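One structure is given below, encoded as structure tokens.
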Protein chains: 2
Amino acid sequence: MGQTEPAEALRQTAHDRVYRELRARLIGGRMAPGRSVTLRGLAAELGVSPMPVREAVGRLVAERALEMKANRRVSVPEMTPRDIAELVFAREALEPEAARRALAGIDRKAVARLRRTDDELEQHLQLGNVEGYVAANHAFHFTIYRACGSAVLVPLIESLWLRIGPFMRVVYGRIGTNWVVDHHEAAIRAIEGGDAEALALAIRDDIREGMGLMTGGSLQADAPETGQGEAALTRGGL
Amino acid sequence: MGQTEPAEALRQTAHDRVYRELRARLIGGRMAPGRSVTLRGLAAELGVSPMPVREAVGRLVAERALEMKANRRVSVPEMTPRDIAELVFAREALEPEAARRALAGIDRKAVARLRRTDDELEQHLQLGNVEGYVAANHAFHFTIYRACGSAVLVPLIESLWLRIGPFMRVVYGRIGTNWVVDHHEAAIRAIEGGDAEALALAIRDDIREGMGLMTGGSLQADAPETGQGEAALTRGGL
DNA sequence: CTCCGGGAAGCGTGATCACAATTCGAAGCT
DNA sequence: AGCTTCGAATTGTGATCACGCTTCCCGGAG
């Protein structure tokens with residue numbers, strides 16, 4: 001489950017493994033906003049000493065994927081609807097352009113992979129497999145973005161997903177009734193047709209639709225402190 | 001020297017002090033690209049144990065403000081002209097909008113502060129004080145951006161400055177001969193006139209000019225591995 | 001029953017040590 | 001003289017421990 005490679009074969013350190021594990025949980029929406037984590041707790045859970053966890057958590061705090069409160073305690077950030085809207089604005093500002101620049105780098109094999117991923121996505125959607133859906137959606141987008149070969153845009157976009165991740169689960173719960181246009185399908189067609197502008201628009205619309213599903217409903221709309229408005233959807237996490 | 005406040009009074013930890021110090025050095029262009037740093041070296045230099053340095057450096061690596069090579073050694077990243085161009089694209093995509101959203105939040109006192117900062121900037125420019133110029137430029141931009149009150153946009157933009165910082169020094173060396181329009185002055189006028197669009201355009205042009213000064217010259221243009229093309233401008237750093 | 005206070009448990013932080021890998025130096029060989 | 005080679009020093013990593021601080025819980029006073 002993707003992250004952009006900062007180097008090649010240095011992923012065998014304990015702290016990096018912890019970092020990637022937590023990252024995957026956040027992007028996959030497996031950690032509910034507001035949930036607090038502890039160094040020793042994660043260490044025991046992941047079978048390592050608190051030391052690598054300290055480093056991994058520190059990195060995620062720097063990326064604002066985790067939040068350090070005044071008491072020095074670490075938790076998954078809660079975001080106001082406004083925060084989410086700004087995150088989505090940033091995504092709209094960056095991702096369509098990344099897709100546009102990626103177009104030339106997407107070969108036939110990548111297109112086939114996109115089709116396969118999108119099929120999996122639909123299956124997960126019908127089977128009610130939230131984890132699978134989120135993972136497939138992430139894979140779909142970043143299969144495109146990574147083709148632009150940018151060491152700047154892709155990590156930047158990933159940092160946005162990292163922060164939206166915990167709220168992505170909400171989208172799933174509302175996607176059944178609001179499904180109108182399949183922007184993924186439109187994106188694939190644009191890629192096959194070599195139409196960069198159509199691809200950028202498809203990505204933009206896909207983001208906007210997700211945004212609409214997120215902010216359209218309650219989503220702790222008037223109780224930003226509790227962050228438990230979507231408790232039924234976010235499940236226990238951990 | 002600004003960073004967005006993640007919390008209020010937790011800046012008295014050693015690792016946070018180290019983090020902010022290194023951040024300031026990077027944004028201020030006081031660490032030359034390609035320069036490698038060591039945990040124990042920084043620890044001795046800053047008068048702390050290697051432990052807080054480890055955490056601070058880890059965070060900066062996560063933000064890609066520092067780079068961890070395959071040998072696990074940490075250094076200031078070298079960037080290709082393409083990397084810089086992408087960074088600048090992201091700045092153009094985010095900063096004008098942040099300024100637009102900030103307009104309403106800029107009161108008279110902030111305008112006065114902007115004028116003062118811009119005056120200082122000009123002075124540093126005439127006196128040849130690179131550090132002062134870079135610091136004033138940073139202060140000017142973020143006085144505006146912070147007024148938008150976004151916990152998303154401002155940190156995101158700051159992460160971009162963090163990565164461009166080591167190359168900012170190059171801009172200064174070329175600014176004397178290429179100075180055409182004072183975009184800062186235009187920005188202040190737009191703020192006073194309440195013209196959001198003019199403000200956004202002024203910011204965009206200011207970014208573009210800096211970009212032009214950066215990629216216009218050599219800047220390790222064909223030797224991305226050495227990164228010493230601008231050695232005369234980047235000075236020893238450390 | 002409510003409220004408050006004190007102690008124990010748990011928290012992040014930082015220091016120190018051990019270890020494996022890498023780097024760098026100088027000596028020795030061809 | 002140039003190249004190889006071997007060893008010492010340095011590096012990041014991880015574990016363990018001690019220290020303040022906060023939080024939580026449980027018992028006692030009102």
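Computed from a prediction, not measured in an experiment: that's the story for all the values here.
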Could you write out each protein N or O paired with an N or O of nucleotides 12-19 of chain C at a distance under 3.5 Å?
from	atom 1	to	atom 2	distance (Å)
dG12(C)	OP1	Leu39(A)	N	3.2
dG12(C)	OP2	Leu39(A)	N	3.1
dG12(C)	N7	Arg40(A)	NH1	2.8
dG12(C)	O6	Arg40(A)	NH2	3.3
dG14(C)	OP1	Ala14(B)	N	2.3
dG14(C)	OP2	His15(B)	ND1	2.8
dG14(C)	N7	Arg54(A)	NH1	2.7
dG14(C)	N7	Arg54(A)	NH2	3.1
dG14(C)	O6	Arg54(A)	NH2	2.9
dA15(C)	OP2	Ser49(B)	N	3.2
dA15(C)	OP2	Ser49(B)	OG	2.0
dA15(C)	O5'	Ser49(B)	OG	3.4

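For Phe140(B), the ring pair (Phe, Tyr, Trp, His ring centres under 6.0 Å) partners two or more places apart in sequence, or in a different chain, are His184(B). Annotation: side-chain hydrogen bond (donor to acceptor under 3.5 Å, both in side chains) contacts of Arg113(A) (sequence neighbours excluded): none. The side-chain hydrogen bond (donor to acceptor under 3.5 Å, both in side chains) check on Arg100(B) picks up Glu97(B), Glu197(B), with sequence neighbours excluded. Legend: residues meeting side-chain hydrogen bond (donor to acceptor under 3.5 Å, both in side chains) with Arg208(A), ordered by chain and number and at least two apart, are Glu92(A). Scanning for side-chain hydrogen bond (donor to acceptor under 3.5 Å, both in side chains) contacts around Arg91(B) gives Glu95(B), with sequence neighbours left out.
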